[in-house]
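Please read all numbers here as calculations on a predicted model, not as lab measurements.
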Amino acid sequence: RSSDLATLNFFAWRSLTFCFGRSLPIEYVMKMAVRGLPSSIAAAYSAPFPSRDYKVGPAKWPLLVPLYRGMSPTVVASSKSARDILKEWKKPALVMFANKDPIIADLAPYFKKIIPGAQDVPSVVIHKAGHFLQEDKGEEIAQHILDFLAR
């Protein structure tokens with residue numbers, strides 16, 4: 001099942017991040033996440049993080065996903081706050097997900113449902129693309145965004 005694979009992939013990323021902390025090898029993670037990613041592109045993902053001092057965000061992102069009820073109240077409050085803001089977003093919103101995303105592909109209907117501004121905008125599924133869909137189908141994504149902005 002895709003949800004089982006998503007869970008496994010997410011926990012693998014979470015575990016890697018927990019183990020490496022701010023020493024997370026961003027370039028390596030990107031090469032593992034995007035099949036066939038050229039080394040030069042993977043290196044570009046590392047550019048904003050020239051040393052471990054800059055990797056606080058990447059080291060914390062997967063740890064901020066609320067996984068169970070007893071999680072940090074700060075994590076839960078942050079997630080709830082984001083959800084509450086999305087529930088009030090009435091401006092047009094484009095919901096676009098990749099069908100091969102092993103982490104969040106199953107969330108597209110959820111976001112379509114909770115964002116009022118997405119109700120009258122057709123959702124977009126990018127086929128044959130994974131979690132880093134900009135690497136798999138960048139030109140297609142750009143065209144969908146241009147079409148959305150032209151509405």
- [ ] Indicate yes or no: at least one non-hydrogen side-chain atom of M32 is less than 4.5 angstrom from one of P25.
- [x] no
- [ ] Decide yes or no for F97 and V125: does some side-chain heavy atom of the first lie under 4.5 Å from some side-chain heavy atom of the second?
- [x] no
Shortest non-hydrogen separation from [X] to [Y] and the atoms involved:
X   : Y    : value
A33 : F132 : CB-CE1, 3.5 Å
W61 : W13  : CB-CH2, 4.1 Å
A93 : V121 : O-CB, 3.5 Å

How long is the span from the [atom1] atom in [X] to the [atom2] atom in [Y], to the nearest 0.5 Å?
X    : Y    : atom1 : atom2 : result
T17  : F11  : OG1   : CZ    : 12.5 Å
L24  : S46  : CG    : OG    : 9.0 Å
F111 : W89  : CZ    : CH2   : 14.5 Å
Y110 : I115 : OH    : CD1   : 9.0 Å
S39  : M30  : OG    : CE    : 12.5 Å

Set of residues satisfying side-chain contact (heavy atoms from CB on, under 4.5 Å) with respect to [X], sequence neighbours excluded:
X    : value
P109 : none
S23  : R52
I145 : L94, M96, I141, L149
A129 : A98, I126, L133, D136, K137

TODO: For K55, enumerate each residue passing the side-chain hydrogen bond (donor to acceptor under 3.5 Å, both in side chains) test, keeping only those at least two apart in sequence or located in another chain.
DONE: none
Task: Partners passing side-chain hydrogen bond (donor to acceptor under 3.5 Å, both in side chains) against Q134 (at least two apart in sequence or in another chain) - done: Y45
TODO: Quick one: which residue pairs count as a side chain to side chain donor-acceptor pair (under 3.5 Å) with a foot in residues 115-130, not counting sequence neighbours?
DONE: N99-H127
State yes or no: do [X] and [Y] share one hydrophobic cluster built from I, L, V, M, F, W and Y residues joined by side-chain heavy-atom distances below 4.5 Å, directly or via other members?
X    : Y    : result
V29  : L63  : no
V124 : I114 : no
L107 : V95  : yes

Open item on the list: Does atom CZ (F49) have a neighbourhood of more than 12 heavy atoms from anything else shown, all under 6.0 Å?
Closed with: yes
Open item on the list: Holding to salt bridge (charged side-chain N to carboxylate O under 4.0 Å, His left out), I want the full list of residues that pass it with E139, two or more places apart in sequence or in another chain.
Closed with: none
Task: salt bridge (charged side-chain N to carboxylate O under 4.0 Å, His left out) partners for K91, two or more places apart - done: none
Can you give the donor-acceptor pairs under 3.5 Å from side chains of residues 79-87 to other protein atoms, not counting sequence neighbours?
from : atom 1 : to  : atom 2 : distance (Å)
K80  : NZ     : D84 : OD2    : 2.9

Task: Qualifying salt bridge (charged side-chain N to carboxylate O under 4.0 Å, His left out) pairs, either residue in residues 34-43, two or more places apart - done: none
